[in-house]
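As structure tokens, the structure follows; a few thoughts come after it.
Throughout, protein chains are lettered first and strands after them, A, B, ... in sequence-line order, and every chain is numbered starting at 1.
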Protein chains: 2
Amino acid sequence: MESTAKDTLRNHGLRPTPIREKVWELFNNASKALPNKELEMQFENIDRITLYRTLKAFEEKGLIHKIDDGTGVPKYASCHDDCADGHHQHEHVHFHCLNCLSTTCLEDVQFPKIDIPPGYLTENTSIVVNGRCANCQN
Amino acid sequence: MESTAKDTLRNHGLRPTPIREKVWELFNNASKALPNKELEMQFENIDRITLYRTLKAFEEKGLIHKIDDGTGVPKYASCHDDCADGHHQHEHVHFHCLNCLSTTCLEDVQFPKIDIPPGYLTENTSIVVNGRCANCQN
DNA sequence: ATCATACTTGCAACACCGTTGCATTTATAA
DNA sequence: TTATAAATGCAACGGTGTTGCAAGTATGAT
Ligand SMILES: [Mn+2]
Ligand SMILES: [Mn+2]
Ligand SMILES: [Zn+2]
Ligand SMILES: [Zn+2]
């Protein structure tokens with residue numbers, strides 16, 4: 001059985017509220033990463049600060065992860081893996097379409113190992129592939 | 001023989017001015033990527049807008065490239081390769097040290113090929129490795 | 001060397017966004 | 001039901017990208 005929005009929020013130490021439930025639903029149904037603006041548009045009127053804090057809380061609790069695709073506009077996507085409190089575990093390639101400007105998580109793409117010179121220590125790696133997505137071919 | 005700052009600027013279609021020459025020198029002598037603030041500090045008083053436009057011009061003319069290391073603070077580094085007017089050709093790994101917060105270009109690190117699903121078209125790829133740089137080991 | 005012209009610089013101004021404080025409202029559990 | 005802690009809405013501040021415009025400067029021609 002599906003776990004409800006309420007359950008998921010409680011399981012991550014967040015009080016379920018109408019806004020949070022809806023935001024969680026939006027991420028759950030999204031096939032691409034969502035910027036603040038796109039989330040705001042789904043509400044009659046929502047305070048941008050409230051949304052800001054909602055996203056911050058979601059990120060801290062491991063419900064979503066923030067994606068910097070190089071556009072300067074932060075986007076967010078749900079964490080499929082179980083991410084611990086404040087520590088994200090997933091490392092996957094992100095794709096940014098230069099045509100439709102959508103950013104998606106490519107969870108199944110093989111994540112390469114980068115051979116860093118001796119002396120350097122790798123903690124985590126961010127990879128963004130820019131190009132044309134499958135929906136944007138003529 | 002070394003090409004002077006004046007020469008380089010002229011060769012890239014930019015009028016040599018005191019500010020531009022100094023900015024170019026700073027990039028030329030830097031061993032890491034430089035954020036606006038760090039550049040500003042090297043001047044007695046420089047208008048942030050002038051610096052902004054200088055960096056924009058340098059980037060457009062292929063003198064420097066902008067690096068988004070995920071911190072939200074843009075940094076710039078000189079283009080070693082010859083980058084065409086408005087079109088950068090170099091693709092290399094960037095390293096961001098979580099300790100000293102410096103970002104460096106790893107031009108010699110092998111750039112991996114990412115196997116994107118069919119239907120996708122790759123234009124360019126951005127890779128940022130986060131960790132601890134060689135100078136930050138105990 | 002002088003000068004007209006185009007480019008560069010400095011300053012004001014605006015928009016956007018991240019962030020925080022605080023008062024009010026809402027969720028939770030006693 | 002009620003006391004308490006948390007979430008929300010609003011104001012406000014700071015940083016920064018961006019543009020317009022006037023004044024200063026580099027350049028090439030005279
Ligand atoms: Mn992702
Ligand atoms: Mn670089
Ligand atoms: Zn697309
Ligand atoms: Zn370091």
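Side-chain heavy atoms closer than 4.5 Å link hydrophobic residues (I, L, V, M, F, W, Y) into clusters, and following such links, possibly through other members, connects A/Tyr76 to A/Leu9. The hydrophobic clustering, which links ILVMFWY residues whose side-chain heavy atoms are closer than 4.5 Å, places A/Phe111 and A/Val128 apart. In the hydrophobic clustering of this structure, B/Val93 groups with B/Ile114; members are Ile, Leu, Val, Met, Phe, Trp, Tyr whose side-chain heavy atoms approach within less than 4.5 Å, directly or through other members.
Other residues, nucleotides and ligands contribute over 12 non-hydrogen atoms within 6.0 Å of the CG atom of A/Asn29.
Residues B/Pro112 and B/Ile127 form a side-chain contact, since some pair of their non-hydrogen atoms from C-beta on lies under 4.5 Å apart. For the pair A/Thr71 and A/Leu101, the minimum side-chain heavy-atom distance is 4.5 Å or more. Contact annotation: the side chain of A/Leu106 approaches that of B/Tyr120 to within less than 4.5 Å [non-hydrogen atoms, C-beta and beyond].
Summary of helix geometry: the two end axes of the helix from C/dA1-D/dT30 to C/dA30-D/dT1, each defined by five base pairs via their C1' atoms, are inclined to each other by 30° (rounded to 10°).
Across all strands shown, B/Pro74 has heavy atoms under 4.0 Å from sugar-phosphate atoms exclusively, and none from any base. B/Lys6 comes within 4.0 angstrom of no nucleic acid atom, judged by non-hydrogen atoms across all strands.
Summarising the geometry, the separation between CD1 on A/Ile46 and C1' on C/dC17 is reported as 16 Å, rounded to the nearest angstrom. Look at CG on A/Asn36: it is 12 Å from C1' on C/dC16, rounded to the nearest Å. Atom pair A/Glu38:CD and C/dC17:P shows a separation of 13 Å (rounding to whole Å applied). The distance between atom OH of A/Tyr52 and atom P of C/dC16, rounded to the nearest whole Å, is 19 Å. Whole-Å rounding puts the B/Leu55 CG to C/dT8 C1' distance at 15 Å. Taking atom CD of residue B/Glu44 and atom C1' of nucleotide C/dG10, one finds them 17 Å apart after rounding to whole Å. Atom pair B/Glu40:CD and C/dG10:C1' shows a separation of 14 Å (rounding to whole Å applied). Rounded to whole Å, the distance from NZ on B/Lys61 to C1' on C/dC7 is 11 Å.
Taking the nucleotide of DNA chain D with the nearest heavy atom to each of B/Val73 and B/Pro16, the more 5' of the two is matched to B/Val73.
Side-chain contact check for A/His92 and A/His94: at least one donor-acceptor pair (N or O, by modelled atom type) lies under 3.5 Å. With 3.5 Å as the limit, one finds no donor-acceptor pair spanning the side chains of A/Asn11 and A/Thr8.
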request  = Check the pair B/Phe43, B/Val23 against side chain to side chain contact (heavy atoms under 4.5 Å, CB included), reporting the backbone distance first and the verdict last.
outcome  = CA-CA 9 Å; B/Phe43 291 83; B/Val23 170; 3.7 Å; yes
message = Using the rule given for side chain to side chain contact (heavy atoms under 4.5 Å, CB included), can you reason through A/Trp24 versus A/Ile64, listing the C-alpha separation, both sets of side-chain angles and the distance that settles it, and then say yes or no?
response = CA-CA 9 Å; A/Trp24 184 80; A/Ile64 62 175; over 6 Å; no
Return the polar atom pairs (N/O with N/O) between nucleotides 21-26 of chain C and the protein under 3.5 Å, or none.
residue	atom	partner	partner atom	Å
C/dG21	O6	A/Arg53	NH2	2.9

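Without hydrogens or angle criteria, B/Arg20 side chain to B/Arg15 main chain gives a donor-acceptor distance under 3.5 Å.
Contact annotation: A/Lys37 reaches the phosphate of C/dC17 (side-chain N/O to OP1 or OP2, under 4.0 Å).
For DNA chain D, the outermost nucleotides in 5' to 3' order that have an atom under 4.0 Å from a heavy atom of chain B are D/dT16 to D/dT27.
Side-chain to base pairing of B/Arg48 with C/dG10: no donor and acceptor N or O lie closer than 3.5 Å to each other.
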